[in-house]
Number of protein chains: 2
Amino acid sequence: MKPVIPSDPTSVPVQTEAVDAGREEPSLHGEILARLRDYIVEGNIPDGGRVPERQLCSMFGISRTPLREALKVLASEGLVDLLPNRGARVRQLSERELGELFDVMGGLESLAGRLACENITDEEIAEIERLHYEMYGFYLHRDMHGYFRINQLIHQKIVEASRNATLLATYGNFAGRIRRIRYSANFARKRERWGEAMREHEMILEALRRRAGSELSDILFHHLRNKRTAAIEHLSEADAALSSPVPA
Amino acid sequence: MKPVIPSDPTSVPVQTEAVDAGREEPSLHGEILARLRDYIVEGNIPDGGRVPERQLCSMFGISRTPLREALKVLASEGLVDLLPNRGARVRQLSERELGELFDVMGGLESLAGRLACENITDEEIAEIERLHYEMYGFYLHRDMHGYFRINQLIHQKIVEASRNATLLATYGNFAGRIRRIRYSANFARKRERWGEAMREHEMILEALRRRAGSELSDILFHHLRNKRTAAIEHLSEADAALSSPVPA
DNA sequence: ATGGTCCATATTGCATTCAATTCTTTCGGG
DNA sequence: CCCGAAAGAATTGAATGCAATATGGACCAT
């Protein structure tokens, strides 16, 4: 008889099944998917550029199968286009699609704001207030980088306060698709837009304090609408400058 | 010589590449993906049931590779869960997740209504009016099946009128995830809810006529909220009846 | 009889392989 | 000198193969 003692108490088999909050994927495929997504979102491949299967395989040290699986997923997420027999290209957003994305983001944030008003705690509001004033500081100092960082954080916090994991995941998805666009330089020429955005954020905070769902919903949508307009104007100008580098 | 006349004006070669509205995927993988998704959405596999790779392979007459790719995509869409080394299971929605889904749907429809007010044509409104009264007829005759069919069509038309292909695609995605739940029998016990829903639809139509975006947005959200409540109550009752078939 | 261990089977994850399509280069003609 | 065609190289899409892990059942000990 060999009283096979169950290894030892410290290596208790963790219950990876009953996790319902956020399902984990410790598989190779999952890791590759995340890494490839980051790689693309971070802009390592130019807009419309090919996604070199073979090269990425050796880069990640894997075979083509898991990479191709990841590509299919990224295609369904809208990050890349899959041209039959011609490989994957990082999807370049037309002006129209960019506008559509911003509107959907607006809808999601609008929803998030409404739900947040139902569920947010006083502590979370206090935290957002803190961030708000921090952001205001960056605004006063004209620190665009700091401003945007906190700005994203505030929006993120609101979505988290909605207590809706599905919404959070969807929001993250679309945020990734937009993040490829560098709209950080938006306020470079449009100072007044920056002030406007700051005022909108005042309204957001104020509505959140009152937990006025419908109002916050409206404010957030229009906030994103304005963001959209600014982003598209910025993009158009950039395009125009590119197509005619030396205007007469 | 053969004066290759450009066929004829009716069969102009369609540009399948420059299509930005809805990109096509004529590949085998794309077809399998669509077929498998339908297969699951239509409920051919029980909730939480295994998705038999090999069996489906022979069923579709393909090898495992494209099927596995499709499964990865369906997992990212939230239709199935991928357990490492243990295969795919059709995702069973907890009550909480179902509620989350309904809320997100509410957010999307809310957005769609707002955008629709900006873009809808008089003809489209007239079409929705027609559908509305047709649905009202089904309501009067207590024809639930007909009612639900037109109901879905109206919501679909509103989303289409938003002129936002991204939103339309996302909406379809979530609709598929919910469609597995049979909530057709919702009004069976709750007649008053049916009347309430009908009144909400009156308000929807009325706001749409006036193109009152914010209002319609609000109405649609609350409409979906009520749908959500009804669906979850229905589900809970069904569960309760299942766990204690013979109440004392 | 019950609980646990061990082994055979089945299934999964990934790598490799092969056919098919596309891209590139080179050659010939105008 | 430029353009077009054709062959070769490279890349993609899908099938198959193999190692690793999970599943199911028989067997043994208590």
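Lettering follows sequence order; numbering is per chain, from 1. Excluded from the calculations below are hydrogen atoms, water molecules and symmetry mates; all remaining heavy atoms, backbone and side chain alike, are included.
Rounded to whole angstrom, the span from the CG atom of A:L33 across to the P atom of C:dG13 amounts to 14 Å. C:dT12 atom C1' lies 13 Å from atom CG of B:L67, rounded to whole Å.
Contact check on A:R163 versus A:E124 returns a salt bridge, with a Lys/Arg side-chain nitrogen under 4.0 Å from an Asp/Glu carboxylate oxygen. A salt bridge is defined here as a Lys NZ or Arg NE, NH1 or NH2 lying under 4.0 Å from an Asp or Glu carboxylate O, and A:R225 with B:E118 meets this definition.
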Indicate for each nucleotide in nucleotides 5-15 of chain D, in 5' to 3' sequence, whether protein heavy atoms under 4.0 Å reach the base (B), only the sugar-phosphate (S), or nothing (-). ------SBBSB
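A perpendicular orientation is assigned to the rings of A:F60 and A:Y39, their planes being inclined by more than 60° (bins at 30° and 60°).
For the pair A:E109/A:Y171, a side-chain contact is recorded, criterion being any heavy-atom separation below 4.5 Å from C-beta on.
B:R54 CZ: 12 or fewer foreign heavy atoms inside a 6.0 Å radius.
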